[in-house]
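Given the structure is predicted, the values throughout are model-derived calculations rather than measurements.
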Amino acid sequence: MPAREALLMLALLVTACGGAPEDPGGQILTPEQEAARAAAGDPSQPPAETTPVMMPTDFDTVAARGERPLLREAYSWGGAGRDPFRPLNTIERSGPELPDLTLVSVIYQRNDPSRSIAIFRDVGSSRRYTVSPGDRLGGKLVVAAISTGSATLRMNDFGTVREQTYTIRQPMDVTP
């Protein structure tokens, strides 16, 4: 049904616009018939105006025929401010991640826990971090608390807060 309605609308539109060119007898002419009548010099038809066909000037026809290589457009940013084609959010590693850290040592002060120290080692880079409660590790990690033999790190990742407590591994007692 929608196709029938579309055809009806198209017929009404063509009729409202005046339709196709007609000859004096009421017959609809095709473009070829119009050209033949104009070439024959039919006085009943007004002379047809010829409009030159213009090709776009930016189309390289020589390169399109394969006679020379196509020239590609190159982009470079020389303006002030930021590059509009650089992504807004870049993933930059600004510090260690939770799974990469291992707690190596804890120095806990009972009389003033805020002066306690924990030492972490980054497994991937073997870098050591000496931190106190409230210190930051990279951009996301904060030392939440240090207690005897353990340290708690808090990660704020785009509004999601996660805490992980690390403990010092005790050597296993090996009895011969």
Side-chain angles (χ1 to χ4, degrees), residues 1-10 12-14 17 51-176:
M1 205 50 135
R4 183 178 277 174
E5 291 174 5
L7 286 174
L8 181 62
M9 290 298 291
L10 181 63
L12 287 174
L13 182 64
V14 169
C17 293
T51 57
V53 177
M54 300 292 288
M55 291 295 292
T57 57
D58 58 345
F59 184 71
D60 192 358
T61 56
V62 175
R65 287 191 305 258
E67 295 176 11
R68 68 178 153 100
L70 285 171
L71 300 176
R72 298 290 178 193
E73 186 175 329
Y75 167 78
S76 64
W77 178 254
R82 74 179 260 335
D83 182 359
F85 293 101
R86 193 182 81 223
L88 290 174
N89 54 353
T90 57
I91 299 172
E92 296 176 2
R93 186 170 171 151
S94 62
E97 298 289 331
L98 284 175
D100 297 336
L101 292 174
T102 304
L103 183 62
V104 176
S105 176
V106 173
I107 301 172
Y108 181 70
Q109 300 218 356
R110 290 183 195 268
N111 56 354
D112 189 7
S114 65
R115 296 185 62 193
S116 298
I117 295 174
I119 301 173
F120 287 93
R121 183 173 51 92
D122 189 352
V123 176
S125 66
S126 297
R127 185 173 176 193
R128 292 188 183 267
Y129 299 96
T130 304
V131 292
S132 297
D135 288 351
R136 287 193 167 274
L137 284 168
K140 298 184 208 175
L141 300 176
V142 176
V143 180
I146 298 176
S147 60
T148 306
S150 68
T152 303
L153 296 180
R154 182 178 298 137
M155 180 177 80
N156 186 355
D157 193 17
F158 299 111
T160 304
V161 178
R162 188 173 111 194
E163 286 190 357
Q164 183 163 346
T165 302
Y166 294 88
T167 57
I168 297 178
R169 293 183 139 192
Q170 300 293 328
M172 298 178 92
D173 292 333
V174 179
T175 55

Asks: How would you list all residue pairs meeting ring-ring contact (aromatic ring centres under 6.0 Å, His included) that involve residues 130-152, not counting sequence neighbours?
Replies: none

Asks: Show me the side-chain donor-acceptor pairs of residues 101-109 shorter than 3.5 Å, one per line, residues at least two apart or across chains.
Replies:
none

Asks: Can you give the donor-acceptor pairs under 3.5 Å from side chains of residues 139-152 to other protein atoms, not counting sequence neighbours?
Replies:
unit_1: Ser147; atom_1: OG; unit_2: Ser150; atom_2: OG; d: 2.6
unit_1: Thr152; atom_1: OG1; unit_2: Thr165; atom_2: OG1; d: 3.2

Asks: Rounded at 0.5 Å granularity, tell me how far CZ in Arg115 sits from OG in Ser132.
Replies: 9.5 Å

Asks: Can you list every ring-ring contact (aromatic ring centres under 6.0 Å, His included) pair that touches residues 119-150, not counting sequence neighbours?
Replies: Phe120-Tyr166

Asks: If you compare all heavy atoms of Pro113 against all heavy atoms of Pro133, which two are closest, and at what distance to 0.1 Å?
Replies: O-CG, 3.7 Å

Asks: Considering residues at least two apart in sequence or located in another chain, which fulfil the side-chain contact (heavy atoms from CB on, under 4.5 Å) criterion with Ser125?
Replies: Asp122, Arg127

Asks: Could you list the residues that satisfy side-chain hydrogen bond (donor to acceptor under 3.5 Å, both in side chains) with Ser114, not counting sequence neighbours?
Replies: Asp112

Asks: Can you name the side-chain hydrogen bond (donor to acceptor under 3.5 Å, both in side chains) partners of Arg154, sequence neighbours left out?
Replies: Glu163

Asks: Go through the structure and list residues passing side-chain contact (heavy atoms from CB on, under 4.5 Å) with Arg162, not counting sequence neighbours.
Replies: Leu98, Met155, Gln164

